[in-house]
Amino acid sequence: MRKQQQTSLMMLALYAILICAMLILAVAGARLYTAAMQSKSSNSSSRNALSVVQTQISAYGGQGCAQLRPGPEGMAVCLHQQGSDYETRIYLYQGSLCTEYTRRDLDFAPQNAGQLCQLQSFEAAWQQENLICITANGQTAYAWCAGGGGNAE
């Protein structure tokens, strides 16, 4: 009888150890999955931001249609069509990539801008006369501006 009690206690202890191990593995898996999804979301925001800027620059294209000017937080990409008094501005403001369509002679008005996505950093600089280098959250892309920009170096 004593041997049966010891065997029952050993089996119970073994089941408890197995259940604890399974719980630990489930929690670890859930944490890894959450971290992977957050990383994927962050990378997706960066890629979307770069694609939006590249597409906008390509859509405007042409001599002097792209300018880089100081925005609220770093450089802003300012795009306009020839002969137009309006421009599209793309810039970082309070952790969001914003786009603003306004008259060229007005100051930046982030409260009127639309938010595209969340970003920690956004930089734009002329790489060459016709090439703008755009960096968002450490990822870099380039946009060709036919004929150069209005303030290309």
Side-chain angles (χ1 to χ4, degrees), residues 14-153:
L14 181 60
Y15 283 133
I17 290 171
L18 287 174
I19 290 172
C20 286
M22 292 174 78
L23 286 174
I24 290 170
L25 288 174
V27 169
R31 286 184 178 172
L32 285 173
Y33 180 77
T34 301
M37 290 298 103
Q38 287 174 343
S39 176
K40 179 183 174 192
S41 176
S42 175
N43 287 336
S44 178
S45 289
S46 299
R47 284 191 307 272
N48 288 342
L50 295 172
S51 294
V52 165
V53 177
Q54 286 177 314
T55 302
Q56 287 289 320
I57 290 172
S58 295
Y60 279 87
Q63 180 75 30
C65 292
Q67 292 186 333
L68 300 181
R69 294 199 305 252
E73 297 177 16
M75 293 303 283
V77 177
C78 301
L79 307 163
H80 68 279
Q81 292 179 343
Q82 293 291 340
S84 174
D85 291 335
Y86 289 87
E87 69 182 359
T88 299
R89 300 170 178 169
I90 303 170
Y91 54 88
L92 184 68
Y93 182 70
Q94 293 183 346
S96 294
L97 186 65
C98 298
T99 181
E100 177 183 348
Y101 184 73
T102 188
R103 290 183 53 87
R104 293 175 70 187
D105 58 348
L106 295 178
D107 290 334
F108 286 85
Q111 68 276 9
N112 298 334
Q115 294 183 353
L116 296 174
C117 61
Q118 300 294 317
L119 286 180
Q120 284 81 35
S121 66
F122 176 77
E123 299 171 10
W126 288 102
Q127 185 74 18
Q128 298 173 359
E129 183 179 342
N130 297 326
L131 190 64
I132 296 177
C133 176
I134 309 140
T135 304
N137 286 352
Q139 294 183 355
T140 301
Y142 297 90
W144 182 260
C145 183
N151 60 347
E153 297 171 353

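Since the structure is predicted, the reported quantities are computational estimates derived from the model, not experimental observations.
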A.B. asks: Quick one: side-chain contact (heavy atoms from CB on, under 4.5 Å) partners of A109, sequence neighbours excluded?
C.D. replies: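 For A109, the residues satisfying side-chain contact (heavy atoms from CB on, under 4.5 Å) (neighbours in sequence not counted) are E100, Q111, N112.
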A.B. asks: With rounding to the nearest 0.5 angstrom, report the CG to CG distance, L97 to L116.
C.D. replies: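 So the gap between those two atoms works out to 5.0 Å.
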A.B. asks: Residues in ring-ring contact (aromatic ring centres under 6.0 Å, His included) with F122, at least two apart?
C.D. replies: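 For F122 there are no ring-ring contact (aromatic ring centres under 6.0 Å, His included) partners, ignoring immediate neighbours.
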A.B. asks: Looking only at heavy atoms, what is the nearest atom pair of I134 and A143, with distance?
C.D. replies: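 In terms of heavy atoms, the two residues are closest at CD1-CB, 3.9 Å.
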A.B. asks: Of all residues at least two apart in sequence or in a different chain, which pass the side-chain hydrogen bond (donor to acceptor under 3.5 Å, both in side chains) check with T140?
C.D. replies: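 With sequence neighbours excluded, T140 shows a side-chain hydrogen bond (donor to acceptor under 3.5 Å, both in side chains) to T135, given in chain and number order.
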A.B. asks: Holding to side-chain hydrogen bond (donor to acceptor under 3.5 Å, both in side chains), I want the full list of residues that pass it with Q56, two or more places apart in sequence or in another chain.
C.D. replies: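 Q56 satisfies side-chain hydrogen bond (donor to acceptor under 3.5 Å, both in side chains) with no other residue.
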A.B. asks: I need the I24 CD1 to I19 CD1 distance, nearest 0.5 Å.
C.D. replies: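 Reported to 0.5 Å precision, the distance equals 12.5 Å.
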A.B. asks: Check ring-ring contact (aromatic ring centres under 6.0 Å, His included) between F108 and all other residues, then give those that pass, not counting sequence neighbours.
C.D. replies: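 For F108 the ring-ring contact (aromatic ring centres under 6.0 Å, His included) partners, ignoring immediate neighbours, are Y91.
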A.B. asks: R31: what forms a side-chain contact (heavy atoms from CB on, under 4.5 Å) with it, not counting sequence neighbours?
C.D. replies: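 Result, side-chain contact (heavy atoms from CB on, under 4.5 Å) vs R31: V27.
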A.B. asks: For a quick test of reading the model, state the closest non-hydrogen atom pair linking E73 to G95 and the distance between them.
C.D. replies: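 Result for this residue pair: OE1-N, 4.4 Å.
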A.B. asks: Run the side-chain hydrogen bond (donor to acceptor under 3.5 Å, both in side chains) test against S96 and tell me which residues pass, sequence neighbours left out.
C.D. replies: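 Listed in chain order: Q118.
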A.B. asks: Rounded to the nearest 0.5 Å, how far apart are CD1 of I90 and SG of C98?
C.D. replies: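 So the CD1 of I90 and the SG of C98 are separated by 10.5 Å.
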A.B. asks: Between N130 and C145, is the side chain to side chain contact (heavy atoms under 4.5 Å, CB included) condition met? List the steps.
C.D. replies: CA-CA 5 Å; N130 297 326; C145 183; 5.6 Å; no
A.B. asks: List for me each residue that meets side-chain contact (heavy atoms from CB on, under 4.5 Å) alongside M22, sequence neighbours excluded, and say none if there are none.
C.D. replies: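 So M22 forms no side-chain contact (heavy atoms from CB on, under 4.5 Å) with any residue.
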A.B. asks: Go through the structure and list residues passing ring-ring contact (aromatic ring centres under 6.0 Å, His included) with Y142, not counting sequence neighbours.
C.D. replies: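 By the ring-ring contact (aromatic ring centres under 6.0 Å, His included) rule, Y142 matches no residue at all.
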A.B. asks: To the nearest 0.5 angstrom, please state how far the CD1 atom of I132 sits from the CD atom of Q67.
C.D. replies: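 If I round to the nearest 0.5 Å, the distance is 10.0 Å.
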A.B. asks: Rounded to the nearest 0.5 Å, how far does CG of L79 lie from OG of S84?
C.D. replies: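 Going from OG on S84 over to CG on L79, the span is 11.5 Å.
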A.B. asks: Quick test of your reading: applying salt bridge (charged side-chain N to carboxylate O under 4.0 Å, His left out), list the pairs with at least one residue in residues 79-88, sequence neighbours left out, ordered by first then second residue.
C.D. replies: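 For residues 79-88, and leaving out neighbouring residues, the salt bridge (charged side-chain N to carboxylate O under 4.0 Å, His left out) pairs sorted by first residue read R69-E87, E87-R89.
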A.B. asks: Do W126 and L131 pass the side chain to side chain contact (heavy atoms under 4.5 Å, CB included) test, and can you show the C-alpha distance, the side-chain angles, and the key distance before you say yes or no?
C.D. replies: CA-CA 6 Å; W126 288 102; L131 190 64; 5.9 Å; no
A.B. asks: Applying side chain to side chain contact (heavy atoms under 4.5 Å, CB included), run through L119 and L92 and close with a yes or a no.
C.D. replies: CA-CA 8 Å; L119 286 180; L92 184 68; 4.0 Å; yes
A.B. asks: In Å, rounded to the nearest 0.5 Å, how long is the span from NZ of K40 to CZ of R47?
C.D. replies: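 Atom-to-atom, K40:NZ and R47:CZ are 8.5 Å apart.
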A.B. asks: Could you work out, with side-chain hydrogen bond (donor to acceptor under 3.5 Å, both in side chains) as the rule, every residue matching T88, not counting sequence neighbours?
C.D. replies: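 Y60.
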A.B. asks: Distance-only, no hydrogens or angles: does the S58 side chain make a donor-acceptor pair with backbone N or O of Q54 under 3.5 Å?
C.D. replies: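 The answer is yes, because a donor-acceptor pair under 3.5 Å joins these two groups.
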A.B. asks: May I have all residue pairs that pass salt bridge (charged side-chain N to carboxylate O under 4.0 Å, His left out) and include part of residues 104-116, sequence neighbours excluded?
C.D. replies: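 Residue pairs with at least one partner in residues 104-116: R103-D105.
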